[in-house]
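Here is how names work: the chains are called A, B, and so on, in the same order as the sequence lines, proteins then strands, and each is numbered from 1.
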Amino acid sequence: MLEVSYLREHRNEAVQRLAKRKLQADITINDILRLDEQRRSNQSELDAVLAESNQLSKEIGQLFKEGKKDEANAMKAKTADLKEKSKELQVEQDQIKHALENLLVTLPNTPHANVKEGASAEDNEEIKVVGEKPLLSSDAQPHWELADRYKLIDFELGVKISGAGFPVYTGKGARLQRALINFFLEQNLEAGYVEYQPPHFVNEASGFGTGQLPDKEGQMYHMEKDDLYAIPTAEVPLTNIFRDTIVKSEDLPVRCTAYTPCFRREAGSYGKDVRGLNRLHQFDKVEVVNICKPEDSYGILDEMVAHVGGLLEKLGLHYRILRLCGGDMGFTSAMTYDFEVWSAAQGRWLEVSSVSNFETYQSNRLKLRYRAEDKKTQLCHTLNGSALALPRVLAALLENNQSAEGIQIPEVLVPYTGFDKIS
RNA sequence: GGAGAGAUGGCAGAGUGGUCGAAUGCGGUGGUCUUGAAAACCAUUGACCUUCACGGGUCCGGGGGUUCGAAUCCCUCUCUCUCCGCCA
């Protein structure tokens, strides 16, 4: 959620930046500023009425104490008007606040100045390409065929137990999953992150805090009976650990990492996008979250990008980094880098990580602040990224490392898998 | 699932109709003392909205009510804890 004070002081800048998303926001922002104006003038009017009313009550109390009952009772009559008036103003104020809030939540984050304007993935900027496309023989197979051939993943079994998009990993497939999770977590620990095991179901306040609600309501699994949401990413519980807190300045930056399964309804997806491991309802991911001072956030974003790139290099995967254009970025992000690995047998790029700086957009909702040097509280910046999402990494590993002899496991993973080849 | 208790400042914990944004202790910060530290002592220490400022207002789990006046009384919701039951 954008800060009203920001919109007030930098109206034109906000409009310009939102235009990078191909969003015409000036009307909404004007409405917001008008409501904010109303809110403030209404509030000061209400405050004045309440101040007078408080004053009278004190005097009445004093009169009763002095035994001047008649005078006190006479004074009571005067409060009736004030009471009436304050009630009216309060009702009005609540309406204004609701209207303001309803408008505010419709505005996405303002893209950073360096983010390119654009409508869709077509306009994303390719920042860096690492490695080369592996040369595979003409009979190379896509990962779903390899998974079947080596009995690594049973998609049919998942359909029987749950439905499409819920694969069952078996044998070396399951062990490879576990190895990847451990490898990623260990690498994150080495980079200074603290490991967490958060809940996999969250309440509505948490969903709102990180911005999934109300924006992505339909994309989350919701348990009506208990009013809980299955997490679409560990970002939600991890970041919400710090909801409604004032972090000590010297404790920043806070760095945390967690492995969790992620649940997504993926309503509306179809075709080759959902084949095999490309898009699932349940998948595994190791996430990193950073909370820091505003002046540090873009440095930390670069750090995260370097860290995630390092993971992919250790796995020997050919990948590229994209800086998303305004229109392709998530609702809550100010700048996002996507990491895509090359899927040799499918001949396409697959997204395996998304690293974003949310600036104060989430912390404003979360009421996540720190105490600055001048002793005042100030909103933190929040960032997160996948390090990494497993299914597409697995897909690329299987496809790119296949040969007639089987599938070669990257050296860095062998200590975690306990085997170096699938055959 | 059954029974009971509770929700107050960073934490612990008083407060049962006005002088309570709230005792006290711990913690934090500043100081005195000390070669330094500890101890002791003194002072200070919640958040939010609004104002250039002075000031004003809101907040004692959420919402509603009674009253001139509510942390305190009433209704309601949510959550937590304890005991019993069930159970990984």
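- Whole-Å rounding puts the L56(A) CG to G69(B) C1' distance at 11 Å.
- Distance check, rounded to the nearest 0.5 Å: OG1 of T170(A) to CG of L157(A) gives 8.5 Å.
- Whole-Å rounding puts the N42(A) CG to U50(B) C1' distance at 13 Å.
- Nucleotides G17(B) and C68(B), compared at atom C1', are 12 Å apart to the nearest Å.
- One P atom belongs to U32(B), the other to A38(B), and the distance between them is 14 Å to the nearest Å.
- Across C49(B) and C87(B), the matching C1' atoms stand 49 Å from one another, rounded to whole Å.
- Figure legend: cation-pi geometry between R264(A) and F283(A) absent, as NZ or CZ is not positioned both under 6.0 Å from the six-membered ring centre and within 45° of its axis.
- Rounded to whole Å, atom P of C48(B) lies 11 Å from atom NZ of K376(A).
- Taking atom C1' on both nucleotides, G27(B) is separated from G10(B) by 7 Å, rounded to a whole Å.
- As rounded to the nearest Å, G65(B) and A71(B) have P atoms that lie 15 Å from one another.
- Salt bridge status for D94(A) with K97(A): absent, with no side-chain N to carboxylate O gap under 4.0 Å.
- When atom types are taken as modelled, the side chain of T210(A) and the backbone of S206(A) share a donor-acceptor pair closer than 3.5 angstrom.
- With both ends at atom P, the span from U8(B) to A88(B) equals 35 Å, rounded to whole Å.
- Mapping R8(A) and G61(A) onto RNA chain B by nearest heavy atom places G61(A) closer to the 5' end of the strand.
- Atom NZ of K367(A) and atom P of G46(B) are 21 Å apart (whole Å).
- Taking a pair as Watson-Crick or G-U with both hydrogen-bonding distances under 3.5 Å, the stems of three or more pairs touching RNA chain B are B:1-7 with B:78-84, B:10-12 with B:24-26, B:27-32 with B:40-45, B:46-50 with B:55-59, B:61-65 with B:73-77.
- Rounded to whole Å, the separation between the P atoms of C33(B) and C42(B) comes to 16 Å.
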### Summary
For nucleotides 56-66 of chain B, 5' to 3', base contacts (B), sugar-phosphate-only contacts (S) and non-contacts (-) with protein non-hydrogen atoms under 4.0 Å give BSS--------

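- For the pair K172(A) and F419(A), the distance from NZ or CZ to the six-membered ring centre is under 6.0 Å and the angle to the ring normal is within 45 degrees.
- Rounded to whole Å, the distance from CZ on R369(A) to P on G10(B) is 10 Å.
- The side chain of R40(A) lies closest to U51(B) when the candidates are U51(B), A47(B), G69(B).
- A salt bridge is absent between E125(A) and K116(A): the closest approach of a Lys/Arg side-chain nitrogen to an acidic carboxylate oxygen does not fall below 4.0 angstrom.
- Comparing S53(A) and D36(A) along RNA chain B, the residue whose closest nucleotide (by nearest heavy atom) sits nearer the 5' end is D36(A).
- Between R371(A) and G28(B), a side-chain N or O to OP1/OP2 separation shorter than 4.0 Å is absent.
- Aromatic ring orientation, H112(A) versus Y298(A): tilted (interplanar angle from 30° to 60°).
- Within 4.0 Å (heavy atoms only), S57(A) reaches at least one base atom of the nucleic acid.
- A salt bridge does not link R149(A) with E145(A): every distance from a Lys NZ or Arg NE/NH1/NH2 to an Asp or Glu carboxylate oxygen is 4.0 Å or more.
- Taking atom P in both G9(B) and G4(B), the straight-line distance is 27 Å, to the nearest Å.
- Spacing between atom CG of D227(A) and atom P of U78(B) amounts to 11 Å, rounded to whole angstrom units.
- To the nearest angstrom, P of A47(B) lies 15 Å from OH of Y370(A).
- Classified by interplanar angle (parallel below 30°, tilted 30° to 60°, perpendicular above 60°), the ring pair Y221(A)/F263(A) is perpendicular.
- Using a cut-off of 4.0 Å between Lys/Arg side-chain N and Asp/Glu carboxylate O, E287(A) and K285(A) are scored as salt-bridged.
- OP1 or OP2 of C48(B) has at least one side-chain nitrogen or oxygen of T377(A) nearer than 4.0 Å.
- Atoms CD (Q90(A)) and C1' (C49(B)) sit 12 Å apart, rounded to a whole Å.
- Ionic pairing of E303(A) and R255(A) is present here: one or more N-O contacts between side-chain nitrogen and carboxylate oxygen are shorter than 4.0 angstrom.
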